[in-house]
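Structure first, then comments.
Proteins get letters first, then strands, A, B, ... in listed order; numbering begins at 1 in each.
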There are 2 protein chains.
Amino acid sequence: MPAEKQPIPSVWARPRPKREQPSLSRDRIVSEAIKLLDAEGIDALSMRSLGARLSAGATSLYRHVANKDELIELVVDEIYGEVRVPAADPARWRAAVTETAHSLRSMVLRHPWVVSVLGQVGLAYLGPNLMRQSERMLALFKAAGFAVDEADQVMNLLIAYVIGMTTSEAAYLSVLARSGQNEQDWLESLRPTAEQALQEYPLLRDGRAAEQTKDPGQIRAESFVYGVERILDGLETRLGRTSAR
Amino acid sequence: MPAEKQPIPSVWARPRPKREQPSLSRDRIVSEAIKLLDAEGIDALSMRSLGARLSAGATSLYRHVANKDELIELVVDEIYGEVRVPAADPARWRAAVTETAHSLRSMVLRHPWVVSVLGQVGLAYLGPNLMRQSERMLALFKAAGFAVDEADQVMNLLIAYVIGMTTSEAAYLSVLARSGQNEQDWLESLRPTAEQALQEYPLLRDGRAAEQTKDPGQIRAESFVYGVERILDGLETRLGRTSAR
DNA sequence: CGCACGCTGCGAACGTCGTACGCTACCATG
DNA sequence: CATGGTAGCGTACGACGTTCGCAGCGTGCG
C-alpha cells in the first residue's frame, strides 16, 4: 500500500540522525556482550542475538571484531579488570592475598559463564587487564618476601586454586540457572539416584550427610576460605624455612 | 559401470555379516569419541564425524545417547576412571597424595580437551568413576588424620588446585595443537607484541625473563610440584595444630 | 508355523549457527 | 566536485544438533 504523497516534514526536518558517531564500537560490543552473557548465559550469545541487542545486523560486528573467539577473549579480559588487588604492603600481605582471592572468586560468580570458555581462551595471555592484575599480584608476593621467580609460582598456585574451586561453584550455578525456574524440583528429581549410588561409598555418604543441614552456598564459601587458609599456611612455612636458612 | 554378472561366492558364502550383535553400543560410542577427541580436539567432535568413524549415520547415535551433552558427560566420567589413586596408608599419606595429584595431572594432559568442557559438565556429579575415585581420595585424607568433613574440604582443595593448574597447561597445549603444525612460528609471531607490552610491567618481565632459558614443559611441571608441596605443607601444619590442641 | 511387536539404524529435513562476500551510503581529503 | 576509505547490512553457504517417520531384523506369542 503506497503512502499518500503528503510530505512528512516532522521526520524530514531532521534529515541526519544517521552518522552522528560510529554507532558501533569495540567497547560497546564487548560491554553489551557481557550484559547478554550475565543475563542469559553462554548459549544465548550468538553474533545475531548480540547484533540485535545493539540494533545492528549480525555481520556488522565483524567490522570491529575479527571473529567470535576474539570477542570472547576481549570479554574475558574485560571482566578480569573487575578484580580488585590491594596495593602491596609487607605488614599485611596475608590479608591482602585473602582479599584478592575473594575478589577473584566473586568476579567469577558474577559472571559464571566464564568457566565454560576457560579452556577455549588459550591466550588472553596478552590482555591488558590480565597483565596489570598479574603485576599487582606479583607485587603482593614480593612484599611478602618471595623472590621474583618464586612469586610467579606462588601466583600460579593461588590463581589455579581459586579458578579451580570457583569453576565448580560456577558450573553448579550455571546448571541451576539453565535447568529453568525451579532448582529445587530438579535437585529433588535426581536425589534418589544419588542416594542409591552413595550407598556403596561410606566416606562420600558421610561427608554429604554432614553437609545436608547447611545452606549449599554457605558450604561452598566455607570450603573456599578453608582452602585459602591452608595455602597461606603452606606459604608461611615456606617463608619461615627460607628465611631461617 | 555395472559389475559383470559373475557371482562372487567368497562374499556370499557368508550371507550374514548383518546383525551379529548390535554393532553400536554406548561403550563403543564413548570410547570412539575419546579417540576422536584425543586425535583431533574438541572442535572435531560432531555427531556426524563420530558417526562416520563408527561407520554409522549421525542420527543412529541417538539410540544410545540422549544428546551431545550427555555423551560428553559419559566421556568425562570415562577418562576420570584413568586416574590412579593409591590405597590409603597412614605411613605414607603425603607420597600417596602426591602420586594422585600427578596421576590426575597426566590424565588431563593426555586429554587436553577436557578443559574446554569443564564448565559445561555441571554434573558428572553422579558418574560412577568420579564417585569411586572420590571415595578413594577421601580415604587417603582420612588416613592422614583428617575428620571426614574436613577430608572433604581438603579433597576439594587438592582437586581444585590440580584442575586449575592443569587447565592452563592444557589450554596452552590445545592452542598449540590447534594453531597448526609449527608452534614455533606462531609463538615467535606474537613475541614482539608481548615484549612491548611487558615493558610496562617490571615484575612480570623479570619473571618471564628468568623462564626464558628453560624448556616450557619443564617449567610447568616444576611449577605444578611447587604448588603441591606448598599445599601439603599447609595441610601438615593444620594437622599439627589440631592434634596438638 | 505365522505373525505382530519392539528395537536398531538411517535418510531427509528443520532451525540455528559462524562468517565470507559484495553492495550502499556516508565522511574526509585532494 | 572527484576520490577513496570505512561502517553497516543483505544474502548466502556450509556445518551443526536434533526430530521424525520409515525400514529392516530378531524374538516371542498365539
Side-chain angles (χ1 to χ4, degrees), chain A residues 11-12 14-33 36-37 40-76 113 116-117 119-122 178-179, chain B residues 12 14-33 36-37 40-76 113 116-117 119-122 175 178-179:
Chain A
V11 169
W12 295 106
R14 307 158 297 150
R16 330 189 262 92
K18 299 241 171 176
R19 199 58 7 98
E20 298 168 359
Q21 50 186 3
S23 67
L24 239 41
S25 77
R26 175 181 287 190
D27 285 346
R28 252 169 60 74
I29 291 175
V30 168
S31 92
E32 193 67 35
L36 174 57
L37 285 165
E40 307 188 36
I42 189 73
D43 292 339
L45 178 69
S46 73
M47 299 307 264
R48 289 177 228 265
S49 63
L50 181 55
R53 281 212 165 206
L54 294 158
S55 34
T59 65
S60 307
L61 306 177
Y62 285 85
R63 290 283 167 198
H64 307 269
V65 164
N67 51 35
K68 196 182 181 183
D69 285 348
E70 183 180 298
L71 170 63
I72 287 180
E73 273 184 58
L74 291 169
V75 156
V76 168
W113 41 267
S116 27
V117 300
Q120 316 186 28
V121 190
R178 202 173 326 175
S179 82
Chain B
W12 296 106
R14 305 157 298 148
R16 332 189 261 90
K18 298 242 174 180
R19 208 35 31 88
E20 299 170 356
Q21 50 186 2
S23 67
L24 239 41
S25 76
R26 174 181 289 191
D27 285 347
R28 251 169 61 72
I29 291 174
V30 168
S31 93
E32 193 66 34
L36 174 57
L37 285 165
E40 308 188 35
I42 188 74
D43 292 339
L45 178 69
S46 74
M47 299 307 265
R48 290 177 226 263
S49 63
L50 181 55
R53 280 213 166 207
L54 295 157
S55 35
T59 65
S60 307
L61 307 177
Y62 285 85
R63 291 283 170 201
H64 303 88
V65 164
N67 51 34
K68 195 182 180 184
D69 285 350
E70 183 180 298
L71 170 63
I72 288 180
E73 275 184 55
L74 291 169
V75 157
V76 168
W113 41 266
S116 28
V117 301
Q120 316 186 28
V121 189
V175 171
R178 204 173 324 175
S179 81

Exercise answer: donor-acceptor pairs, residues 46-55 of chain A side-chain atoms, under 3.5 Å, sequence neighbours excluded:
| from | atom 1 | to | atom 2 | distance (Å) |
| --- | --- | --- | --- | --- |
| A/Ser46 | OG | A/Arg48 | N | 3.4 |
| A/Ser46 | OG | A/Ser49 | N | 3.0 |
| A/Ser46 | OG | A/Ser49 | OG | 3.2 |
| A/Ser49 | OG | A/Ala44 | O | 2.8 |
| A/Ser49 | OG | A/Ser46 | N | 3.0 |
| A/Ser49 | OG | A/Ser46 | O | 3.0 |
| A/Arg53 | NH1 | A/Glu32 | OE2 | 3.4 |
| A/Arg53 | NH2 | A/Glu40 | OE2 | 3.4 |

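Distance B/Leu71 CG to D/dG17 P: 10 Å, rounded to the nearest Å. For the pair A/Leu61 CG and D/dG10 C1', the computed distance is 14 Å after rounding to whole Å. In this structure, B/Ile72 places its CD1 atom 13 Å from C1' of D/dC16, rounding to the nearest Å.
Scanning both residues, B/Val65 and B/Asn67, for their nearest heavy atoms gives CG1-O, 3.1 Å. Among all heavy-atom pairs drawn from A/His64 and A/Ile29, the shortest one is CB-CD1, 3.8 Å. Of all non-hydrogen atoms in B/Val75 and B/Trp113, the two that sit nearest each other are CG1-CH2, 3.3 Å.
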* B/Leu74/B/Arg26 under side chain to side chain contact (heavy atoms under 4.5 Å, CB included): CA gap, chis, key distance, verdict -> CA-CA 9 Å; B/Leu74 291 169; B/Arg26 174 181 289 191; 3.9 Å; yes

* Structure fact -> Protein-proximity profile, nucleotides 10-20 of chain C, B/S/- by nucleotide at the 4.0 Å heavy-atom cutoff, equals BBB----BBBB

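Residue A/Asp69 holds its CG atom at 9.0 Å from CG of A/Leu71, rounded to the nearest 0.5 Å. Between the CD1 atom of B/Ile42 and the OG atom of B/Ser116 there is a distance of 4.5 Å, given to the nearest 0.5 Å.
Regarding contacts with the backbone of D/dG8, a side-chain N or O of A/His64 is found under 4.0 angstrom from either OP1 or OP2.
Axis angle, first five pairs versus last five pairs of the helix from C/dC1-D/dG30 to C/dG30-D/dC1: 10°, rounded to 10°.
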